[in-house]
Amino acid sequence: MAKLKVGVLISGRGSNLQALIDAASADDYPAEIVTVISNEPGAAGLERAAKAAIPTNVVDHRDFEGRETFEDALNDVLSAAAVELVCLAGFMRLVTDGFVGRWHDRLVNVHPSLLPAFKGLDVHERVVEAGVRFSGCTVHFLRPAMDEGPIIVQAAVPVRAGDDAPTLAARVLAEEHRIYPLALRLIAEGRVRVVEERVLITGAAAPEGVLINPAPV
Ligand code: GAR
């Protein structure tokens, strides 16, 4: 079967991009990354893509008058590569309702919290400050509001007593690298449907049980 053609949008380090590249390097992975676009010319993720022989593009938002013209340029690159699904991977620009509508249910984002809690920036600082016992990460279809939309996969991690934002971020990031490739695989296998703004996944059983942190003694 033909692989789903994916475009990945980044702004920086690109460790989630790397997780997707690594997953897609397997012959039986059902998606392929056909283009990587960064709005930041110096993004380290561009080198990761180049190393994997994936075409890279810089579309610098500072070169455009407004968000629409910037996004027109993004769409030109995505169309030229025949992209079918767009993955935001640390893409730190807000997108317009027009862009979200153009890619309805074909635009996926990863966010380092258990959405809908802790949308926005400085997530881990706010999580530690709030004193919650669990955090995690979410892969979701994007809707016209920041970090909103039907949830595809989440992973939870404990927030430990000694955590600060960097230690928690590292624990969460390791799970982002697991669930983003998983979510993309489920989509590419045609197992993900959005029904009344909730995601239904066929053929994936939810694990039983409860998580308690700190664990009862
Ligand atoms: C990731 O933690 C991702 O969840 C976050 O930016 C980081 C990018 O890291 N994205 C957001 O906060 C979006 N709201 P990466 O460039 O190494 O993948």
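When reading the values below, keep in mind they use all heavy atoms of this one structure, side chains included, and skip hydrogens, waters and symmetry mates. All ligand and atom numbering here is 1-based and tracks the order in the structure.
Side-chain contact between Glu176 and Leu173 is present, with heavy atoms from C-beta onward closer than 4.5 Å.
Here the side chain of His61 pairs no donor or acceptor atom with the backbone of Glu71 at under 3.5 angstrom.
Within 4.0 Å of ligand 1, counting heavy atoms only, the contacting residues are Arg13, Gly14, Ser15, Asn16, Gly90, Met92, Val110, His111, Pro112, Asp147, Leu173, Glu176.
Partner of Glu32 under the salt bridge (charged side-chain N to carboxylate O under 4.0 Å, His left out) criterion, chosen from Arg185, Lys5, Lys3: Lys5.
Ring geometry for Phe70 against Phe91 counts as parallel: the plane angle stays under 30°, on a 0 to 90° scale with 60° as the upper cut.
When the side-chain contact (heavy atoms from CB on, under 4.5 Å) test is applied to Asn213, the partners found at least two apart in sequence or on another chain are Arg133, Phe134, Pro158.
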Exercise for the section: Give the intermediate values and the outcome of side-chain hydrogen bond (donor to acceptor under 3.5 Å, both in side chains) for residues Asp163 and Thr167. Expected result: CA-CA 6 Å; Asp163 269 337; Thr167 59; 2.7 Å; yes

